[in-house]
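Input: a single structure, listed below in structure tokens.
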Protein chains: 2
Amino acid sequence: MNEFDECPTEGALGLLTLLIKTGRLAESRLDEALASENLTFVKWRTLEALVKANSPVCLGELAKSINCVKSNVTQLADKLQAEGIVKRVADPNDRRSILIELTGQGSRVHQAGLKAMETTTRKLFSSSTEPDRIALRDLLGKLDGR
Amino acid sequence: MNEFDECPTEGALGLLTLLIKTGRLAESRLDEALASENLTFVKWRTLEALVKANSPVCLGELAKSINCVKSNVTQLADKLQAEGIVKRVADPNDRRSILIELTGQGSRVHQAGLKAMETTTRKLFSSSTEPDRIALRDLLGKLDGR
DNA sequence: TCGAATTCGTTCATGTTTGAATAATACAAA
DNA sequence: TTTGTATTATTCAAACATGAACGAATTCGA
């Protein structure tokens, strides 16, 4: 008999709350770090997806990459395009589809963003050892299934 | 020499990304579970703060409890009040302050919300053992300092 | 006691995220 | 081909969140 047996959801829900809170905190710290580049973490993740793909990506794919709905990516793309770090190009294979392509400026901003997050990342993990990080990754991995 | 030594920010940033992603996932699952009660996780946490305090709480305190700015709580309180699950009462000790009080309906909704989240919570942790949850709580606790 | 600084809640403008509805295109089956 | 079903990106309304500016009330120091 222990805390979890007595009150299984209470402790687990508290943990979930801590997880959500910590995630939000981490994101806001990264947002702060990226503000100097006029980026947010979501914007940066979009650029990261394009860099990793190493070729233009359609909006639907991008939505999957950054875990959000398509309408969100449309707005995101509007902004990134207005800032000149991304541009829309036609998809030669499907006229419904629109591909997003990183501009040269986009590549530079992506790199600068990565650099800007370094200090914050180190600071956030300053009380954690490497085994801690490995364990955390493992434990988080057990949570994301439907 | 290992992955983290070679590329300290890369692995750590990936972990941070996983953390943020998992936190968002958890919140959206809880939101889904609470939708039947016309609640969201943020709304529920507000009710939870009131229940725990066991007495009316001013808006500023509430903002601290749920980690957001005051203006957000104002809007939140407007909605909760319109739904009849909280009400604003004057603070006898400070005429600037406005206290938020849970209604009887509010207590019922809070309870129903807790119940609604049980299944989701169990499902999210279905691949985790109790030691896993304890370890996770510990590891997350190492991250939230400024 | 008087005045300055602080704290309280609210309003407003702005930005993010979602989901429903829509038009255009693609595709599969008859 | 034609018909019906999928999928594409977009628009729109709504919920959520932030920060600046504001009026009202409190508090602290001279």
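Quick note on labels: first sequence line is chain A, next is B, and so on, each numbered from 1.
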Open item on the list: Output the rounded distance in Å from CZ (B:Arg88) to P (C:dC8).
Closed with: 16 Å
Task: B:Leu143 versus A:Leu25, closest heavy-atom pair with distance - done: O-CD2, 4.2 Å
TODO: Measure the distance from CD1 on B:Ile20 to P on C:dT17 and round it to the nearest whole Å.
DONE: 11 Å
Task: Any A:Val86 side-chain heavy atom under 4.5 Å of A:Leu102 side chain - done: yes
- [ ] For A:Asp31 and C:dT14, give me the distance from atom CG to atom C1', rounded to whole Å.
- [x] 15 Å
Open item on the list: I need the CG-C1' distance between A:Leu59 and C:dA24, as an integer number of Å.
Closed with: 15 Å
TODO: Ignoring hydrogens and angles, tell me if any N or O in the side chain of A:Asp31 forms a donor-acceptor pair with the backbone of A:Phe41 under 3.5 Å.
DONE: yes
Open item on the list: Looking at B:Glu61 and B:Lys64, is there a salt bridge between them, counting it only when a charged N and a carboxylate O are closer than 4.0 Å?
Closed with: yes
TODO: Using chain B heavy atoms and a threshold of under 4.0 Å, write down where along DNA chain D the contacts begin and end, 5' to 3'.
DONE: D:dA15 to D:dT26
Task: Watson-Crick or G-U counterpart of D:dA6, or none if no pair lies under 3.5 Å - done: none
Task: Assigned glycosidic conformation for D:dA6 [threshold 90° from 0] - done: syn
Task: Of A:Asn93 and B:Arg24, the one whose closest DNA chain C nucleotide lies more 5' - done: B:Arg24
TODO: Go through residues 62-76 of chain B and report each residue with a non-hydrogen atom lying under 4.0 Å from DNA chain C, sorted by number.
DONE: B:Lys70, B:Ser71, B:Thr74
- [ ] Looking only at non-hydrogen atoms, find the nearest pair between B:Leu19 and A:Ala26 and report the distance.
- [x] CD2-CB, 4.3 Å
Open item on the list: Please compare B:Ile98 and A:Glu27 by the position of their nearest nucleotide in DNA chain C and report the one closer to 5'.
Closed with: B:Ile98
TODO: Please work out if B:Asp94 contacts a base, only the sugar-phosphate, or nothing of the nucleic acid, heavy-atom cut-off 4.0 Å.
DONE: sugar-phosphate
Open item on the list: Quick check: closest heavy atoms across A:Glu27 and B:Ile20, and the distance to 0.1 Å?
Closed with: OE1-CG2, 3.3 Å
Task: Shortest non-hydrogen contact from A:Leu15 toward B:Arg133 - done: CD2-O, 3.4 Å
- [ ] For residues B:Arg88 and B:Leu99, determine if any side-chain heavy atom of one lies less than 4.5 Å from a side-chain heavy atom of the other.
- [x] no
Task: Beyond-backbone contact of A:Phe125 with A:Asp132, side-chain heavy atoms, under 4.5 angstrom - done: no
Open item on the list: At less than 3.5 Å, do the side-chain atoms of A:Arg95 and the base atoms of C:dT25 form a donor-acceptor pair?
Closed with: no
